[in-house]
Amino acid sequence: MRYAGYDLDLSVPEPSRSPSLSIPWFSLDTGLLFDREARWFGESLTQTMEPRLYYVYVPYRNQDHLPVFDTALADFSYPQLFTENRFSGGDRFGDANQVTLALTSRFLHANGQEAFRATIGQRYYFESERVGLTAASPLRTSTESDVLAAIGGRLFTNWSFDATTQYNRIQQHMERYTVGARYSPEIAKVINASYRFQRETIRQIDLSAQWPIAAGWYGVGRYNYSLLDGRLLEGLAGFEYNAGCWVFRAVVQRVQAATQVASTALVFQLEFNGVGQIGTDEAVELLKRNVPGYSVTNPADARLTPPSVRPRLPFEQVF
């Protein structure tokens with residue numbers, strides 16, 4: 001059962017100051033897991049087959065009398081296939097009588113690490129929509145959703161990849177897709193590259209990296225460019241220096257907020273290991289958001305320290 005109630009200010013006419021609504025709903029999420037021994041490039045792995053069924057029923061309730069403060073139609077994605085509400089926020093709860101069918105297969109190493117995965121899913125509707133974000137919002141009348149599919153994994157020791165797509169079976173074309181790859185031979189060495197396409201609205205390349213440039217010095221950067229608009233959407237450049245007992249980070253970020261509006265920010269942080277810091281915590285969070293796979297060079301666990309900042313042995317020998 002879901003209940004929403006409001007206490008609105010005096011600018012609203014008297015009958016509509018305290019609207020409320022109660023909606024019962026039901027969902028069922030179930031699946032199976034099969035596994036078998038398999039071979040992958042000569043290596044013994046475990047292959048799984050994982051069918052899943054997710055059913056949701058929400059009866060229709062007229063919600064046009066409720067305000068809309070922080071609610072929007074949720075982005076159509078694989079996780080959204082397994083949610084009961086097609087809206088994000090608390091001001092709308094969509095009517096539903098639908099089932100989602102999905103199938104996933106994985107190849108797993110003996111330690112549980114995923115070598116490869118493939119997933120496909122689609123939602124089927126038994127009734128047309130009647131609840132919209134507003135009274136004028138267009139409503140779905142089709143009996144099935146677009147097909148979502150994805151593949152990915154770590155085919156080689158240092159390489160991983162991901163690819164996702166949304167396919168419109170009715171119009172028989174790709175609505176959007178994303179392909180990406182990552183090269184990461186060791187801690188604090190990572191290069192990411194991806195391409196994103198959405199019909200008529202998005203064609204973007206996204207490059208990012210963290211890489212050692214000298215003993216204790218690491219460069220970081222990101223380049224997100226729109227081919228459709230012919231402009232830089234987001235750029236980031238910076239460095240990190242690890243002196244052993246202290247670390248200094250500096251980052252410059254430029255974001256295209258609107259067609260003719262761009263903002264530039266300078267973020268820095270001086271961190272004394274085990275003592276404290278000068279600057280903002282946003283430096284590390286900014287790098288983690290913009291450079292997937294980014295690693296700090298002064299982790300709490302010494303085993304995760306990058307090779308370029310580890311102390312050298314006094315009599316190193318190579319055999």
Exercise for review: In sequence, state the C-alpha distance, the side-chain angles, and the governing distance for Q63 and I23, and then conclude on side chain to side chain contact (heavy atoms under 4.5 Å, CB included).
Suggested key: CA-CA 10 Å; Q63 300 170 47; I23 303 178; 3.6 Å; yes

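- Side-chain N or O atoms of R92 include one that pairs as donor or acceptor with a backbone N or O of L133 at under 3.5 Å.
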Exercise for review: Apply the test side chain to side chain contact (heavy atoms under 4.5 Å, CB included) to residues Q80 and R123: give CA-CA distance (whole Å), side-chain angles for both, the deciding distance (0.1 Å), then the verdict.
Suggested key: CA-CA 10 Å; Q80 208 275 329; R123 179 184 288 164; 3.5 Å; yes

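- Within 6.0 Å of CZ in F126 there are more than 12 heavy atoms belonging to other residues, nucleotides or ligands.
- W246 is listed as a side-chain neighbour of L270, based on a closest heavy-atom distance under 4.5 Å.
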Practice item. Tell me, with the steps shown, if F76 and R176 meet side chain to side chain contact (heavy atoms under 4.5 Å, CB included). Key: CA-CA 11 Å; F76 184 67; R176 56 182 175 179; 4.1 Å; yes

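- The two residues V190 and G293 come nearest to each other via the heavy atoms CG1-O, 3.9 Å.
- For an aromatic pair to be called close, the ring centres must be under 6.0 Å apart, and F26 with Y57 fails this.
- Shortest non-hydrogen contact noted between L8 and P19 is CD1-CD, 4.1 Å.
- A side-chain donor from one of H173 and E175 sits under 3.5 Å from a side-chain acceptor of the other.
- Under a hydrophobic clustering in which Ile, Leu, Val, Met, Phe, Trp and Tyr are joined whenever their side-chain heavy atoms come within less than 4.5 Å, directly or via other members, W159 and F161 fall into the same cluster.
- Distance check: I205 CD1 to Y225 OH gives 8.0 Å after rounding to the nearest 0.5 Å.
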Check your understanding: Taking it one step at a time, do L28 and Y54 satisfy side chain to side chain contact (heavy atoms under 4.5 Å, CB included)?
Key -> CA-CA 6 Å; L28 174 67; Y54 182 74; over 6 Å; no

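- Taking both residues in full, the closest heavy atoms of V179 and A163 are given as CG1-CB, 3.9 Å, listed atom of the first, atom of the second, then distance.
- Atom CG of N224 and atom CG of L232 lie 7.5 Å apart (nearest 0.5 Å).
- From E282, atom CD reaches atom CG of L287 across 10.5 Å, with rounding to the nearest 0.5 Å.
- A cation-pi arrangement is present between R130 and Y60, with the terminal nitrogen or guanidinium carbon under 6.0 Å from the aromatic centre and inside a 45° cone about the axis.
- Between the side chain of S145 and the backbone N or O of Q122 there is no donor-acceptor pair closer than 3.5 Å.
- In terms of heavy atoms, S22 sits closest to Y3 at OG-CD1, 3.2 Å.
- A donor-acceptor pair under 3.5 Å is formed between the side chain of S105 and the backbone N or O of T48.
- A side-chain donor-acceptor contact under 3.5 Å links D91 to the backbone of F69.
- L236 and V267 fall within the same hydrophobic cluster, defined by Ile, Leu, Val, Met, Phe, Trp and Tyr side-chain heavy atoms under 4.5 Å apart, directly or through other members.
- A donor-acceptor contact closer than 3.5 angstrom is absent between the side chains of N192 and Y183.
- Between the side chain of Q210 and the backbone N or O of Y218, no donor-acceptor pair lies under 3.5 Å.
- Contact check for P138 versus E129: no side-chain heavy atoms found under the 4.5 Å cut-off.
- Rounding to the nearest 0.5 Å places CG of L101 at 5.5 Å from CG of L53.
- If you chain together hydrophobic residues whose side chains sit under 4.5 Å apart, Y78 and I120 never meet in one group.
- The backbone N or O of T46 sits nowhere less than 3.5 Å from a side-chain atom of R106 that would complete a donor-acceptor pair.
- Side-chain atoms of N111 come within 3.5 Å of backbone atoms of Q113 as a donor-acceptor pair (strictly under, hydrogens ignored).
- If you take CZ on F239 and CZ on R249, they are separated by 11.5 Å, rounding to the nearest 0.5 Å.
- Remark: the backbone N or O of Q172 is not paired with any side-chain donor or acceptor of R169 at under 3.5 angstrom.
- Contact of the S160 side chain with the S184 side chain is not registered, since no non-hydrogen atoms from C-beta on lie closer than 4.5 Å.
- Evaluated for a side chain to side chain donor-acceptor pair (under 3.5 Å) with E234, the options Q204, Q256, Q253 yield exactly one hit, Q253.
- Here the NE2-CZ distance, from H109 to F116, works out to 12.5 Å after rounding to the nearest 0.5 Å.
- T83 approaches P79 most closely through the heavy-atom pair CG2-O, 3.6 Å.
- The aromatic rings of Y177 and F197 lie parallel to each other, their planes meeting at an angle below 30°, with 60° marking the opposite boundary.
- A pairwise comparison of heavy atoms in A193 and L207 identifies CB-CD2, 3.6 Å as the closest pair.
- Formation of a donor-acceptor pair under 3.5 Å by the S137 side chain with backbone atoms of G132 is not found in this model.
- Clustering ILVMFWY residues whenever any of their side-chain heavy atoms sit less than 4.5 angstrom apart, transitively, puts F268 in the very cluster that holds F272.
- For S194 and D206, the side-chain atoms include no donor-acceptor pair closer than 3.5 Å.
- The hydrophobic cluster containing F107 does not contain F34, counting ILVMFWY residues as joined when their side-chain heavy atoms lie under 4.5 angstrom apart, directly or transitively.
- Around CZ of R117, the count of heavy atoms belonging to other residues, nucleotides or ligands within 6.0 Å exceeds 12.
- At least one side-chain heavy atom of S208 sits under 4.5 Å from a side-chain heavy atom of P292.
- For CZ of R203, the number of neighbouring non-hydrogen atoms (other residues, nucleotides, ligands) closer than 6.0 Å is 12 at most.
- Side-chain N or O atoms of D95 include one that pairs as donor or acceptor with a backbone N or O of V131 at under 3.5 Å.
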Check your understanding: Can you check salt bridge (charged side-chain N to carboxylate O under 4.0 Å, His left out) on R52 and D29, steps first, answer last?
Key -> CA-CA 8 Å; R52 182 178 178 184; D29 192 352; 2.7 Å; yes

Practice item. Begin from the C-alpha positions of Y241 and W217 and carry the test ring-ring contact (aromatic ring centres under 6.0 Å, His included) through to its verdict. Key: CA-CA 5 Å; Y241 176 67; W217 290 86; 4.5 Å; yes

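- In this structure, the side chains of E240 and Y294 come closer than 4.5 Å at one or more pairs of heavy atoms.
- Side-chain atoms of S44 and R39 include a donor-acceptor pair closer than 3.5 Å.
- Remark: the S27 side chain and the E84 side chain contain no N/O donor-acceptor pair separated by less than 3.5 Å.
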